[in-house]
Structures are given as structure tokens and as C-alpha cells.
Amino acid sequence: MIRQQLAEWVGQAARAAREAGALEFETLPEFDIETPRNPQFGDFAANLAMLLARQARRNPREVAEAICQHLPAESNAWVERVEVAGAGFLNFYLKPNWAGEVVRHILEQGARYGSLTLGAGKRVLIEFVSANPTGPLTLGHGRNAAVGDTLARLYEAAGYTVEREFYINDGENSTQIRNFALSVLTRYRQLLGEPAEMPEDGYHGEYVKEIAQSIREQHGDDFAQGDPETVLKRFEQIAKQQMLQEQARDLEDFGVRFDRWLSEQSLYDASKVQKTLNALRERGYAYEHEGALWLKSIAFGDEKDRVLVRANGMPTYLAADVAYHRDKYERGYDLIIDLWGADHHGYVARMKAAMAALGYDPNRLHILIYQLVNLFRGAEPVRMSKRAGEFITLREVMDEIGVDALRFFYLLRSHDSTLDIDIELAKEQSEKNPVFYVQYAHARICSIERTAAERGVAMPDPAATDLSVLTHEAEIALVKKLADLPDEIALAVQHDAPHRLTAYALDVARAFHGFYTECRVLGAEPALQAARLLLTQATRLTLARALSLLGVSAPQRMEREETV
RNA sequence: GCCCCCGUAGCUCAAUGGACAGAGCAGCGGCCUUCUAAGCCGUUGGUUGUGGGUUCGAGUCCCGCCGGGGGCGCCA
């Protein structure tokens with residue numbers, strides 16, 4: 001709130017200076033209100049003067065002076081003084097009552113604190129995870145789920161209307177589904193004591209045997225005979241369905257829910273793939289060559305053209321995916337976000353090309369690529385899973401280290417960086433573990449509130465409490481951090497960078513722990529105790545909101561297990 | 001060969017183009033009769049891989065090179 005307010009005043013001042021003939025410029029550039037690293041440069045700083053210098057044909061410090069002299073009078077309410085400094089920064093020093101205003105504002109907002117109207121109800125579709133129904137969710141899918149879900153929560157907080165969607169790669173004619181069904185069928189036959197050999201490129205994980213086993217339990221030897229093709233089709237359905245249910249369960253337990261599970265096959269059933277291919281042909285961006293149908297993606301910056309329909313008449317995965325994305329555009333979202341693994345990055349250019357070929361604005365499609373996740377146990381890399389063969393499953397790691405720690409670790413780094421997760425560290429209940437650091441701050445606050453209640457100290461009324469007594473360095477540092485939440489949410493959304501929020505939560509926790517050590521709450525003299533109780537409450541609300549956006553719980557208490 | 005990501009303190013990583021590049025861990029030294037020490041304070045540690053360029057200002061943007069990871073299918 002304070003940043004927007006300052007930005008508004010600075011903008012007004014620049015225009016007023018122009019009116020008064022003190023400054024020349026055509027259009028007001030986008031400028032920043034930033035928090036200087038060094039507190040001696042004020043509480044906030046504006047960089048407008050530097051950006052305006054060229055247009056105004058004046059040196060930046062003169063421009064800054066001109067802006068400074070035209071700041072609206074109402075800015076006196078919060079601003080104590082403004083200084084022109086450095087290359088032409090406008091440094092704002094706020095009045096002491098500002099901290100109290102922030103606390104009051106947070107308490108008024110309550111659990112909504114941080115919510116924005118930035119999105120103005122615009123509709124966003126986030127498609128993520130979208131794992132193949134041929135195996136359990138892996139460690140990599142977990143990253144996708146954590147990043148996608150928190151991004152969705154952030155967009156919601158920013159005032160967008162968000163839909164979460166899981167795309168099921170279940171095309172009935174696809175080789176992978178067929179192969180998967182064949183693998184399950186082979187295991188099933190082996191269970192019945194028949195000689196059957198796994199296909200060359202079959203699925204070898206333990207889970208395939210589990211599915212075969214469960215089919216046997218439900219259907220006995222019903223599938224021992226019968227038309228092989230019919231049996232295989234049946235296995236496709238059953239195996240796919242079971243896998244999907246397992247994935248949904250894993251996601252549910254991981255705190256991720258989807259609004260829609262959209263099946264690739266349904267696109268074929270509704271002729272959407274065919275219609276999309278026709279549309280591409282009509283627009284002149286699909287052509288026949290050597291018996292196949294090609295997308296002319298070169299025309300839109302891709303490095304080569306891509307096959308849509310194979311020479312054998314079967315559409316490729318791309319064809320269905322183009323139809324799917326066309327469908328997304330047709331549903332009228334303002335923003336479409338996809339979250340893909342790094343191994344799909346080569347796919348971005350062709351998908352954007354396809355959308356451009358269909359006449360849609362490719363900029364409305366954000367495709368985020370997240371990098372690999374490596375698992376360690378201490379210094380030892382973990383590569384194999386018992387259940388899934390060469391993959392480590394989300395379930396295994398989630399069960400071992402817990403949802404809170406795992407979600408937090410997934411969001412600790414930018415999705416652009418490869419991520420190493422150390423199971424030992426994530427399980428460790430110690431100061432090395434960042435999840436506990438944040439949760440502990442929340443638990444400590446709850447503990448203060450419990451103790452206050454035990455001692456009969458009532459939570460003061462914010463309207464009737466003088467908050468101007470909050471002047472300690474640690475109090476001010478904490479308040480500044482708390483005030484940042486709305487901006488952090490805005491930035492996280494603008495940059496599609498959910499990991500910013502973990503960093504923010506850590507910052508708030510750090511500021512609180514500092515405050516906790518420096519400033520005694522209960523037992524301080526009454527006026528100060530009241531103000532600090534309210535500051536504590538505002539901190540709890542802020543931490544709880546940040547944690548909830550991360551999908552991490554905010555515990556009321558934390559007991560440390562005896563380690564010795 | 002082409003494409004994507006990364007390269008910042010011993011390690012893992014931050015830093016919407018802004019001021020003196022910051023945290024955590026590891027190391028060293030301190031702080032529990034008072035709201036939870038899963039905490040706090042102090043301290044050591046840097047030519048931001050490298051060479052150019054753009055800019056009032058570059059870790060950040062552009063080009064080249066070096067190193068690490070991933071991808072380049074009528075698989076999905």
C-alpha cells in the first residue's frame with residue numbers, strides 16, 4: 001500500500017513540475033519505488049529522476065529536485081522528509097507513525113492481508129503436472145506440482161480467477177498407452193502362471209506388477225482367454241484408470257487439487273483434433289509431404305517443420321496438444337500458463353508457432369520450464385526407486401520427509417535452476433532446516449498469545465492502541481518486512497516466480513526472531529506490551545498467509561524431539 | 001552442430017537494470033532464573049567463469065569464448 005501511494009505521489013509531482021514549467025517530458029516512464037539496502041538511504045527510494053533525465057535534458061539530480069519540490073501536500077501525512085541523493089535517487093524518510101499504520105492495516109485485513117486487485121478478475125488457466133498415466137508421479141512431477149500450485153495460489157491472491165487443469169495423455173492409439181497395457185497384461189499372465197515375456201520397451205517397475213495383481217484380485221482369470229485385441233483394450237482402460245487414481249491420490253495428499261482433468265482422448269472424441277488440423281490446412285500452415293502431414297512451424301520461428309499426422313495416418317502427440325491449446329484459447333482465458341519439464345523445452349517453439357499459425361497471440365501463453373531435481377541422502381545421490389525402477393516417486397519422498405518440508409524445498413529455488421534435495425537435511429529437526437525456521441517463528445507467536453491468555457492479558461483493540469511506541473530498530477525492521485507482502489505477491493505473479501515467496505517467508509521469520517530476542521513482549525510496560533502484542537499478531541497473520549500460499553502448514557506449537 | 005537452463009563466499013543459493021553484491025550452512029567467539037535456544041549476536045570469507053558491448057548506472061540486458069546439466073523422433 002505504501003509503495004503504490006508513494007509512486008502515485010511521485011508521479012503527481014512529476015506532472016505538477018511539468019505544469020509549472022520546471023520539467024519537460026512526453027510520457028511518464030515506468031519507475032520503481034524500491035527499498036534501499038542501506039537504511040541510511042531512507043525507507044523507500046524512487047528512481048524516476050534518472051529515467052526522466054534524458055527526456056528532460058537535465059541532469060538527474062536537478063530533475064529529482066524539481067519532482068521533490070512538487071510533491072503533493074498530503075504526502076506529509078506519512079513522509080517526514082525527502083532527500084535527493086546519489087545519481088538522482090529520491091529518498092523518502094517516513095514518519096514514525098508509519099509503522100503503526102502498517103500494523104493497523106494488516107490487522108484490519110486479517111487473513112486477507114496480501115490480497116490484491118491486480119488481476120481484476122482476469123481469467124488464468126494453469127495446466128501443470130499432466131503426467132503420463134503410465135506410471136506413478138515422480139520426484140520431478142512433485143516440483144511441477146509444487147511450483148504450479150503455489151503459482152496458482154499467488155494468482156488467486158493477486159485477484160485473478162484461476163483454473164487448475166491436468167491434461168491426461170491418454171490417446172487410445174498412442175504407443176505408450178498400448179505399451180503400458182501390454183506390460184500390465186504380461187505381468188497378469190505371469191501371475192496366472194502362463195509363459196509371457198515383457199515387451200522390449202515395456203514398463204518394468206514394481207507398480208506394474210501391483211496393477212496386474214489388483215486386476216487379478218478383482219477379475220480373477222477372466223482375461224486369460226478372449227480376443228487378444230479386446231483384452232488389450234480392456235487393460236488399457238483399467239491400467240490407465242488405476243494409475244490416474246493413484247496420481248490423484250498422491251496430489252491430493254500433497255495438497256494439490258485440480259479443477260479439471262482433461263483427457264486427450266476426449267479431444268479426439270469431440271473431433272477437436274480433426275478440426276484443428278483442418279483449420280491449420282485452411283490457413284495454409286499444414287501441408288502433405290512423404291505421406292505425412294506437417295506443421296509449417298518454420299514460418300513462426302521454429303527451426304524445422306513438425307509432423308502432425310504420421311504417414312500411417314496416426315496423429316502425433318503434437319497434433320492433439322495443438323488441438324488442446326487451441327481449445328484453451330477458445331475458452332477465452334486472458335492468460336494461459338503451462339509448466340513443463342526441462343526435457344520438453346524443445347517443444348516450446350513449435351507450440352507457440354502452432355498458436356501463431358492458428359491466429360492466436362502466442363504471448364498470452366506462458367510456458368514455464370523447470371529444471372531437473374536431484375535427490376541426495378547426505379552426499380550420496382539417490383537414483384533408483386524400488387517401486388518405479390529408474391524413477392524416484394513423489395510418494396516415497398513425501399512419506400519420508402513430509403509434505404511441508406518437501407513443498408518448501410521445491411520452492412526454495414527458482415524453477416530455472418536444477419534443484420538438489422537432501423533427504424537428511426529435509427528430515428532434520430534443526431536450525432539447518434529452513435522450513436522449521438519459518439514454522440518455528442509462527443509457533444513462537446502462538447506461544448506468546450497462549451501465555452498472554454493464561455496470564456489474563458487481553459488482546460488489545462487496534463483502534464484504541466497507540467502504535468507510535470513501536471520505534472525499536474528490530475520493530476521497525478519487522479514492520480518493513482510485513483509491509484512487503486503485497487509487493488512480493490505482485491512480483492511473484494509478474495515474474496511467474498513462486499520461489500520468491502519462500503525467500504520472503506524466511507525474511508519475515510528472520511525479522512521476527514530478531515525482534516523476539518531484542519524486544520520482550522509480555523512484561524513490557526503496558527502501552528508497549530499492547531503495541532507489541534498487535535505487532536506480533538500482524539506478524540502471525542503475515543506468516544500464516546505466506547505459508548498458506550506455499551501450501552505449508554503454520555503450526556500452533558512445535559515441540560522439539562529429544563535428539564540425544 | 002543447433003536449442004534451453006546454470007556459472008556469484010569453502011558448500012547450497014539470493015539479489016523487479018540502481019547506491020557499499022546478501023542469506024543459510026560449514027569455521028571461529030559469545031548469549032538460556034524472564035513470552036519455546038528448532039532462537040539470537042559478533043566474526044572470518046568476493047576480480048559475480050572470461051573478453052567485449054549497450055546504459056547516467058550491469059551479477060542482471062546484447063555478442064563471443066570457457067565450464068556444468070538437459071534436449072534435439074513420423075516417442076510422449
Side-chain angles (χ1 to χ4, degrees), chain A residues 30 32 34 36-38 40-41 45 47 50-51 53-54 59-60 85-89 91 132 134 169 171 174-177 179 201 264 290-294 303-304 306-312 314-318 320-321 341-349 369-372 374 412-420 422 425 428-437 439-441 443-452 454-455 457 487 490-492 494-495 497 499-500 503 506-507 509-510 512-518 520-524 532-533 536 557-561 563:
Chain A
E30 291 258 331
D32 297 317
E34 53 204 46
R37 268 197 270 268
N38 188 336
Q40 89 181 57
F41 294 129
N47 64 349
M50 280 106 82
L51 301 173
R54 178 169 292 217
N59 86 54
F89 288 99
N91 292 342
N132 292 332
T134 53
N169 300 145
S174 76
T175 42
Q176 62 161 5
I177 292 286
N179 217 341
D201 43 0
E264 177 187 358
E290 291 179 348
L293 184 71
W294 295 73
E303 58 187 21
K304 51 183 165 182
R306 310 289 174 173
V307 173
L308 290 164
V309 181
R310 303 179 183 95
N312 67 9
M314 272 169 58
T316 59
Y317 175 80
L318 176 65
D321 213 12
D343 53 343
H344 286 67
H345 89 265
Y347 211 76
V348 175
I369 301 295
Y370 64 93
Q371 300 297 315
L372 291 187
N374 302 308
L412 210 43
R413 311 286 175 231
S414 157
H415 60 262
D416 280 337
S417 295
T418 49
L419 179 66
D420 294 342
D422 177 0
L425 176 60
E428 194 165 320
Q429 302 196 356
S430 80
E431 69 282 358
K432 293 179 203 161
N433 194 328
V435 193
F436 291 119
Y437 186 81
Q439 291 184 318
Y440 183 52
R444 267 184 151 179
I445 295 171
C446 294
S447 175
I448 294 175
E449 292 179 351
R450 269 194 307 272
T451 309
E454 279 165 21
R455 296 184 188 175
V457 178
D487 299 303
L491 284 170
Q494 280 154 12
H495 297 273
H499 74 285
R500 293 190 64 106
L506 282 164
D507 277 351
R510 187 171 301 117
F512 175 75
H513 288 310
F515 160 78
Y516 183 92
T517 308
E518 292 281 320
R520 181 100 201 146
V521 178
L522 300 176
R532 284 182 175 168
L533 271 171
T536 299
R557 59 175 86 225
M558 290 169 76
E559 320 278 329
R560 185 179 200 177
E561 285 171 20
T563 44

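You'll find that the side chain of A:Met558 is closest to B:rA38, out of B:rA76, B:rA38, B:rG18. Of the candidate nucleotides B:rC5, B:rC35, B:rU12, B:rU12 has the atom lying nearest to any side-chain atom of A:Asp420. Nearest to the side-chain atoms of A:Phe41 among the listed nucleotides B:rC20, B:rU16, B:rC40 stands B:rC20. Between B:rC75, B:rA15, B:rG70, one nucleotide has an atom nearer to the side chain of A:Thr175 than all others, and that is B:rC75. In the set B:rC35, B:rA15, B:rG70, B:rC35 carries the atom at the smallest distance from any side-chain atom of A:Leu522. When distances run from any side-chain atom of A:Asn132 to the nucleotides B:rA76, B:rC72, B:rA19, the shortest one goes to B:rA76. Closest to the A:Arg520 side chain, of the nucleotides B:rU34, B:rU16, B:rA19, is B:rU34. In this structure, the nucleotide among B:rG70, B:rU12, B:rC35 sitting nearest to the side chain of A:Leu372 is B:rG70. Checked against B:rA14, B:rA37, B:rC74, the side chain of A:Arg444 finds its nearest nucleotide in B:rA37. Side chain of A:Ala311, nearest nucleotide from B:rC56, B:rG24, B:rC74: B:rC74.
As judged by a 4.0 angstrom heavy-atom cut-off over every strand, A:Thr536 is placed among residues making no nucleic acid contact. Using a 4.0 Å heavy-atom distance criterion, A:Leu533 is classed as making no nucleic acid contact. No engagement by A:Glu518 is indicated, since no non-hydrogen atom pair under 4.0 Å with the nucleic acid exists. Contact annotation for A:Asp343: backbone-only contact, meaning every heavy-atom pair under 4.0 Å involves sugar-phosphate atoms and none involves a base. If you check every strand for non-hydrogen atoms under 4.0 Å, A:Ala490 touches nothing. As judged by a 4.0 angstrom heavy-atom cut-off over every strand, A:Glu290 is placed among the base-contacting residues. At the heavy-atom level, A:Glu454 lies nowhere under 4.0 Å from the strands shown. Across all strands, A:Ala503 comes closer than 4.0 Å to no nucleic acid atom at all (heavy-atom distances). Across all strands shown, A:Ala349 has no heavy atoms under 4.0 Å from either base or sugar-phosphate atoms.
Distance A:Arg557 CZ to B:rA37 C1': 18 Å, rounded to the nearest Å. Between A:His513 atom NE2 and B:rG24 atom P there is a gap of 12 Å when expressed in whole angstrom units. Distance, A:His415 NE2 to B:rG69 C1': 16 Å, rounded to whole Å. Put simply, CZ on A:Phe89 is 13 Å from P on B:rG57, counting in whole angstrom units. Taking atom CG of A:Leu419 as the reference point, atom P of B:rC6 lies 14 Å away to the nearest angstrom. The separation between A:Glu264 atom CD and B:rC75 atom P is 14 Å, rounded to whole Å. What separates CD1 of A:Ile177 from P of B:rC75 is a distance of 16 Å, to the nearest Å. For the pair A:Arg413 CZ and B:rG69 C1', the computed distance is 17 Å after rounding to whole Å.
In this structure, A:Ser417 reaches the B:rA14 phosphate: one of its side-chain N or O atoms is under 4.0 Å from OP1 or OP2. Between A:Tyr516 and the phosphate of B:rA37, there is a side-chain N or O to OP1/OP2 separation shorter than 4.0 Å. Side-chain nitrogen and oxygen atoms of A:Arg455 include none within less than 4.0 Å of the OP1 or OP2 phosphate oxygen of B:rU34. A sub-4.0 Å separation between OP1 or OP2 of B:rG73 and a side-chain N or O of A:Arg310 is absent. Within the 4.0 Å cut-off from OP1 or OP2 of B:rC3, not a single side-chain nitrogen or oxygen of A:His344 is found. Between A:Arg500 and B:rU16 there is a side-chain N or O to OP1 or OP2 distance below 4.0 Å. The phosphate of B:rC56 has OP1 or OP2 within less than 4.0 Å of a side-chain N or O from A:Arg54.
The same atom, C1', is picked in B:rC5 and in B:rC40; the two are 38 Å apart, to the nearest Å. B:rU8 and B:rU48 are spaced 11 Å apart, taking the P atom of each and rounding to whole Å. Nucleotides B:rG57 and B:rU16 place their C1' atoms 16 Å apart, quoted to the nearest Å. Spacing of C1' atoms, B:rG46 relative to B:rA21, comes out at 9 Å, to the nearest Å. Taking atom C1' in both B:rA15 and B:rG52, the straight-line distance is 25 Å, to the nearest Å. B:rA58 and B:rA38 have their C1' atoms separated by 40 Å, with the value rounded to a whole Å. When the P atom is compared between B:rG49 and B:rU12, the two are found 14 Å apart, to the nearest whole Å. Straight-line distance between the C1' atoms of B:rC13 and B:rG45: roughly 16 Å, to the nearest whole Å.
Side-chain atoms of A:Arg450 and A:Arg557, non-hydrogen and from C-beta on, do get closer than 4.5 Å to each other. Taking the side chain as every heavy atom from C-beta outward, A:Pro434 and A:Leu412 approach each other to under 4.5 Å. A heavy-atom distance below 4.5 Å is not found between the side chains of A:Glu34 and A:Phe41.
The closest donor-acceptor contact from the side chain of A:Arg532 to the backbone of A:Arg520 lies under 3.5 Å. A side-chain donor-acceptor contact under 3.5 Å links A:Thr316 to the backbone of A:Leu308.
Nearest-nucleotide assignment on RNA chain B puts the 5′-proximal partner with A:Leu491, out of A:Leu491 and A:Arg306. Taking the nucleotide of RNA chain B with the nearest heavy atom to each of A:Glu34 and A:Pro315, the more 5' of the two is matched to A:Glu34.
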Task: Test side chain to side chain contact (heavy atoms under 4.5 Å, CB included) applied to A:Leu318 and A:Tyr347, step by step - done: CA-CA 9 Å; A:Leu318 176 65; A:Tyr347 211 76; 3.3 Å; yes
- [ ] Give the dot-bracket string for RNA chain B, reading 5' to 3', where a pair is Watson-Crick or G-U wobble with both distances under 3.5 Å, ( ) marks pairs inside the strand, [ ] marks pairs crossing earlier ones, | marks a partner on another strand, and . marks unpaired.
- [x] (((((((..((((....[...)))).(((((.......))))).....(((((..]....))))))))))))....
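Interatomic distance, NE2 of A:His345 versus CD1 of A:Ile369, reported as 8.0 Å (0.5 Å rounding). One distance of note links CG of A:Asn169 with CG of A:Asn132; it measures 4.5 Å at 0.5 Å rounding.
A donor and an acceptor atom sit less than 3.5 Å apart, one in the side chain of A:Asn91 and one in the base of B:rA19.
Taking the six-membered ring where the residue is Trp, A:Phe515 and A:Phe512 present tilted rings, their angle falling between 30° and 60°.
The local environment of CZ in A:Arg310 is crowded, with over 12 non-hydrogen atoms from other residues, nucleotides or ligands closer than 6.0 Å.
With its glycosidic angle more than 90° from 0, B:rC63 is assigned anti.
Between the side-chain ring of A:Tyr437 and the base of B:rA38, no stacking contact exists by the 5.5 Å and 30° definition.
In this structure, the side chain to side chain donor-acceptor pair (under 3.5 Å) partners of A:Asp420, at least two apart in sequence or on a different chain, are A:Asn374.
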